[in-house]
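Small disclaimer: the values here were computed from a predicted structure and weren't measured.
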Amino acid sequence: MKDVEDGILIIPFYIICDESQSMEGAKLDACNTELTKLHAAYASEPQFSWHVRVGVISFSDTAQVLLPLSIMTDVVDLPGLVAKGGTNYGNAFICLKNTIQTDIADLKKGSDKVNRPIVFFISDGEPTDKNWKAAHAQVADKSWPFSPHIISFGVGGAQADTIREVATQVDKKGKSFAYLADDNADPGAVLSEIFKSLLKGLWEAACGRGMVLPITGPGFIKLDEI
């Protein structure tokens, strides 16, 4: 792992998961299973877990921090996602911005170097709120020093255009990373592949080599390749 002169390199990694009613069943079960696997993988690598801090935000009609940004070796059990309500994107992004603001301020009280946060957003449906883009724009605003890189992923039922809009630009050329599961793909298999790629990418980032993207695997496509 890469250390910096005055402290260690920390990468805040947030998973935002839709737990609206439409996610009930195989999709939400797959999310819970992959979160458990991710916890086990990170907890088995204490040095990696120290560098990559993980937080989980769930949303339906409202949004909440399901798991505060944590060193995964310190986490005993992950709280589970439970299907309920609608799909309010705006509340998810408001919660994300407030959470990032607080977390990075706390991290910066030490002597560690904090990288730009990385966010993995999962949803299967169209937002039920009409003004979600205003909240998203505040998070995506590159003039905000804590603005994260958002990787978006749509599972069964998601609309390509919406998932594409959620992903943030990572360079001046407008490059972004948005993915959509195949209509007939098994949610568990697809999420397993994409979490494996994310884990590998975060490992590379923690080693100081930068996040390795795009994510590749069977059962889903990168939206700008349609």
Side-chain angles (χ1 to χ4, degrees), residues 11-25 27-36 38-39 52-70 72 75 77-107 116-141 144-159 161-168 176-181 187 191 194-195 198:
I11 302 170
F13 175 49
Y14 297 92
I15 299 165
I16 302 182
C17 192
D18 180 354
E19 59 175 1
S20 62
Q21 199 64 47
S22 61
M23 288 284 289
E24 187 173 23
K27 289 175 281 190
L28 209 59
D29 289 346
C31 290
N32 280 321
T33 296
E34 292 311 313
L35 286 173
T36 300
L38 180 141
H39 174 222
V52 181
R53 310 292 172 88
V54 179
V56 179
I57 293 172
S58 63
F59 73 97
S60 53
D61 292 320
T62 60
Q64 64 175 331
V65 177
L66 203 63
L67 176 72
L69 196 68
S70 303
M72 294 301 273
V75 177
D77 292 305
L78 285 177
L81 298 156
V82 179
K84 56 183 181 290
T87 313
N88 193 300
Y89 277 24
N91 285 337
F93 293 122
I94 290 169
C95 182
L96 175 64
K97 182 169 185 181
N98 292 338
T99 302
I100 289 174
Q101 188 87 41
T102 300
D103 288 345
I104 293 188
D106 288 343
L107 290 171
R116 186 180 295 277
I118 296 170
V119 174
F120 183 52
F121 179 96
I122 308 169
S123 179
D124 75 332
E126 284 295 278
T128 51
D129 53 320
K130 302 300 183 182
N131 60 345
W132 69 272
K133 293 181 183 179
H136 178 269
Q138 292 185 26
V139 174
D141 182 2
W144 181 40
F146 305 150
S147 179
H149 295 315
I150 301 179
I151 303 165
S152 59
F153 187 74
V155 291
Q159 298 298 308
D161 287 345
T162 303
I163 296 301
R164 187 183 286 110
E165 286 184 277
V166 169
T168 56
S176 63
F177 297 98
Y179 302 86
L180 191 67
L191 282 170
I194 204 163
F195 269 105
L198 279 169

Hey, is the main chain of [Y] close enough, under 3.5 Å, to the side chain of [X] for a donor-acceptor pair?
X	Y	answer
K27	G156	yes
R116	S147	yes
N88	T62	no
N91	A63	no
T128	G86	no
S152	V166	no
N32	L81	yes

Please report the closest heavy-atom contact between [X] and [Y], naming both atoms and the distance.
X	Y	result
A135	I94	CB-CG1, 3.9 Å
A178	I163	CB-O, 3.8 Å
F153	A181	CZ-CB, 4.1 Å

Mind listing the side-chain donor-acceptor pairs of residues 11-21 below 3.5 Å, one per line with the distance, residues two or more places apart or on another chain?
from, atom 1, to, atom 2, distance (Å)
Y14, OH, D103, OD2, 2.6
D18, OD1, S20, N, 2.7
D18, OD1, S20, OG, 2.7
D18, OD2, S20, OG, 3.4
D18, OD2, S123, OG, 2.9
E19, OE1, V82, N, 2.9
E19, OE2, S58, OG, 3.0
E19, OE2, K84, NZ, 2.5
S20, OG, S22, OG, 3.2
S20, OG, T87, OG1, 3.2
Q21, NE2, E24, OE1, 2.6

For the residue pair [X] and [Y], establish whether any side-chain heavy-atom pair is separated by less than 4.5 Å.
X	Y	value
Q64	L66	yes
C31	I122	yes
Q159	T162	yes

Validation row, ring centre F120 to ring centre F177 under 6.0 Å: no

State the [atom1]-[atom2] distance between [X] and [Y], to the nearest 0.5 angstrom.
X	Y	atom1	atom2	answer
M23	D29	CE	CG	10.0 Å
T168	D141	OG1	CG	11.5 Å
L198	I151	CG	CD1	5.5 Å
F121	Y89	CZ	OH	4.5 Å

Residue pairs, two or more places apart or on separate chains, that pass side chain to side chain donor-acceptor pair (under 3.5 Å) and touch residues 131-140: K133-E165

Qualifying residues under salt bridge (charged side-chain N to carboxylate O under 4.0 Å, His left out), relative to D161, sequence neighbours excluded: R164

Test applied, side-chain contact (heavy atoms from CB on, under 4.5 Å); reference residue, L69; option that passes from L107, T99, V54: L107

Residue among L67, V75, V56 satisfying side-chain contact (heavy atoms from CB on, under 4.5 Å) with H39: V75

Mutual orientation of the aromatic rings belonging to F146 and W144 [parallel < 30°, tilted 30-60°, perpendicular > 60°]: perpendicular

